[in-house]
Student: 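Sharing a structure here in structure tokens format.
In what follows, every chain begins at residue 1, and chains take the letters A, B, ... in the order their sequences are listed.
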Number of protein chains: 2
Amino acid sequence: MAIKNQASGGVSRQVLADHVYEALLVALMDGRLEAGTPVSIDGMARELDVSPTPVREALARLEATGMVRRMALRGYRVAPLFSPEELADLMDARLVIEPANAFMACRNADPELAKQLEQAIEDLKAAPRGPSFAEFRAYWEADERFHRLIAEFADNQFLLSAYNALGGQVQRFRFFGGLGVTDADYAIAEHTEILKAFESGDAELARQKMIDHIEGVKQRSQHDSEVRS
Amino acid sequence: MAIKNQASGGVSRQVLADHVYEALLVALMDGRLEAGTPVSIDGMARELDVSPTPVREALARLEATGMVRRMALRGYRVAPLFSPEELADLMDARLVIEPANAFMACRNADPELAKQLEQAIEDLKAAPRGPSFAEFRAYWEADERFHRLIAEFADNQFLLSAYNALGGQVQRFRFFGGLGVTDADYAIAEHTEILKAFESGDAELARQKMIDHIEGVKQRSQHDSEVRS
DNA sequence: AAATCGCATTTCCTATAGGATCTACGCTGC
DNA sequence: GCAGCGTAGATCCTATAGGAAATGCGATTT
């Protein structure tokens with residue numbers, strides 16, 4: 001066996017398919033697997049030095065996230081990048097779900113949440129913003145963490161599923177490639193506004209500040225799309 | 001090979017894993033697989049007369065829908081039924097997503113949509129309402145179709161993904177079991193109200209009527225929960 | 001020159017086998 | 001009686017092999 005089953009001691013051990021899944025996720029996010037390229041099951045198995053069976057299982061899971069697409073008897077391909085129109089649609093969808101998350105999370109808020117949100121903002125400030133994956137990975141991670149914290153504190157498993165289904169945090173990540181983080185200062189300011197709303201306990205305000213934030217992201221991403229094209 | 005690869009001629013052929021997936025879906029919905037029961041990979045393979053490999057792949061996909069849960073090295077189990085609290089959460093999540101769908105769909109509405117919505121309502125009226133799967137399947141199908149039509153006409157793939165992620169249409173289905181359809185008359189009236197809003201072209205009204213409908217479903221489902229317990 | 005056919009290679013898909021792990025049950029010892 | 005241990009069976013997980021389909025390429029035909 002190539003990858004040692006490092007019985008990760010914890011509550012839930014990992015099997016080979018889990019490692020393959022994470023390896024694919026990293027490869028997708030850092031651009032080694034570009035949009036549109038086929039992902040051969042056998043080929044990936046050779047590359048990772050495992051058998052095709054766990055690769056097949058990992059890809060079946062990945063398909064649900066939208067990162068790869070499958071055509072029967074023709075294999076998997078990396079999902080295409082988003083067009084500016086699709087990116088706008090993604091932001092519209094976020095505008096539906098995330099303000100509601102913010103509203104509900106604010107009603108469940110406690111000092112612990114505020115502390116963690118503040119930490120996420122601090123990490124955002126400290127993160128590098130370069131164009132390569134290695135550079136903006138930390139930035140993306142802190143951004144994602146901020147939004148996910150709110151989604152989790154909304155305390156509604158279905159809204160959390162919906163948030164996950166957007167996959168936007170991951171997909172958008174791929175969009176950064178080659179351009180780097182361009183809106184960090186705006187994002188930090190808007191996150192801070194959201195945090196202040198949480199600290200004030202005004203759920204309606206938290207909702208509004210989240211709307212403002214995502215509207216801002218939407219506009220700036222549209223601008224980036226034009227620059228890119 | 002047990003199940004013939006009946007090269008379904010169409011645009012996208014089906015492989016064995018697809019058949020297994022659908023077989024599991026039907027078994028889950030009609031109650032043959034009850035909540036909490038383990039789903040053995042090898043056992044299911046024997047039952048369907050296939051090898052474990054496609055069963056494994058089908059279960060990996062099913063896990064993303066929330067219908068089954070997986071624990072590493074311990075297999076899959078049918079996800080537990082919802083508690084009344086979880087059901088309320090589901091309705092809250094629907095209240096976030098579906099009114100937005102209705103609003104957007106109304107702005108894209110055309111006579112074809114109205115016609116299909118009307119057909120779904122007619123089918124709802126005609127469907128039997130008994131307690132067994134065979135009886136209320138047609139009812140559920142028409143109900144699901146109504147809501148899905150709206151979600152699709154919203155013309156936003158991400159909102160559609162979020163709607164799918166709720167899995168509510170499927171999960172709620174399982175909840176009907178043993179109780180049958182109890183709120184058909186209310187649901188038909190509310191669906192008709194939504195249709196009228198679509199026909200009037202008033203997107204804001206469509207949003208409100210969808211809110212009213214899901215609020216109604218939420219209240220009635222809570223009542224059913226109490227009856228059941 | 002363009003399109004078509006046929007062959008070889010690659011890849012997907014499924015079955016099978018065996019090692020690793022978990023669960024159940026009976027046994028021993030206290 | 002009850003806790004701890006060990007064995008047996010079932011189950012999961014991974015690897016391997018082979019058939020089926022798809023892709024690529026070159027030869028042939030129109």
Student: Heavy-atom nearest nucleotide on DNA chain C for B:T53 versus A:S40: which residue maps closer to 5'?
Tutor: A:S40
Student: In whole angstroms, how far is the P atom of D:dA15 from the NE2 atom of A:H19?
Tutor: 12 Å
Student: What is the separation between atom CD on A:E57 and atom C1' on C:dT14, rounded to the nearest whole Å?
Tutor: 15 Å
Student: Just call it for B:V55: base, sugar-phosphate, or nothing, with non-hydrogen atoms closer than 4.0 Å on any strand.
Tutor: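 The residue B:V55 makes no contact with any strand.
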Student: Would you say A:R74 places a side-chain N or O within less than 4.0 Å of OP1 or OP2 belonging to C:dC12?
Tutor: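 Result: no.
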Student: Taking atom P of C:dA20 as reference, at what distance in whole Å does atom CD of A:Q14 sit?
Tutor: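 Rounding to the nearest Å, CD of A:Q14 and P of C:dA20 are 20 Å apart.
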Student: Look at atom CZ of B:R69 and say whether more than 12 heavy atoms of other residues, nucleotides or ligands are closer to it than 6.0 Å.
Tutor: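 Check fails, neighbour count at 12 or below.
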Student: Taking the inter-plane angle between the rings of A:F146 and A:H191 on a 0 to 90° scale, is it parallel (under 30°), tilted (30 to 60°) or perpendicular (over 60°)?
Tutor: parallel
Student: Whole Å only: how far is the CG atom of B:L73 from the P atom of C:dA20?
Tutor: 13 Å
Student: For B:F153, give me all partners under ring pair (Phe, Tyr, Trp, His ring centres under 6.0 Å), at least two apart in sequence or on another chain.
Tutor: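 So B:F153 forms no ring pair (Phe, Tyr, Trp, His ring centres under 6.0 Å) with any residue.
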Student: Quick one: closest heavy-atom pair of B:I97 and B:A162, and the distance?
Tutor: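 Shortest heavy-atom separation between B:I97 and B:A162 comes out as CD1-CB, 3.9 Å.
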Student: Using OP1 and OP2 only, check whether a side-chain N or O of A:R56 sits under 4.0 Å from C:dA15.
Tutor: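 Checking C:dA15 against A:R56, no side-chain N or O comes under 4.0 Å of OP1 or OP2.
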Student: Base, sugar-phosphate alone, or nothing: which one does B:P52 contact when heavy atoms must sit under 4.0 Å apart?
Tutor: base
Student: Please check the phosphate of D:dT14 (OP1 and OP2 only) for any side-chain N or O of A:S51 closer than 4.0 Å.
Tutor: no
Student: Is B:R107 atom CZ crowded by more than 12 heavy atoms from other residues, nucleotides or ligands, each under 6.0 Å away?
Tutor: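 Atom CZ in B:R107 is not crowded, with 12 or fewer foreign heavy atoms closer than 6.0 Å.
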Student: In whole Å, I'd like the distance from the CG atom of B:D18 to the C1' atom of C:dT14.
Tutor: 13 Å
Student: Whole-Å distance between D:dG9 C1' and B:D42 CG?
Tutor: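 Taking atom C1' of D:dG9 as the reference, CG of B:D42 is at 13 Å.
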Student: For the side chain of A:I41, counting heavy atoms from C-beta on, which of D:dT14, C:dC12, C:dA15 is nearest?
Tutor: C:dC12
Student: Grab the OH-C1' distance between B:Y76 and D:dC13 for me, whole Å please.
Tutor: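 One finds 11 Å between C1' of D:dC13 and OH of B:Y76, rounded.
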Student: To the nearest angstrom, how far is A:R70 atom CZ from C:dC12 atom C1'?
Tutor: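 Atom-to-atom, A:R70 to C:dC12, this comes out as 10 Å.
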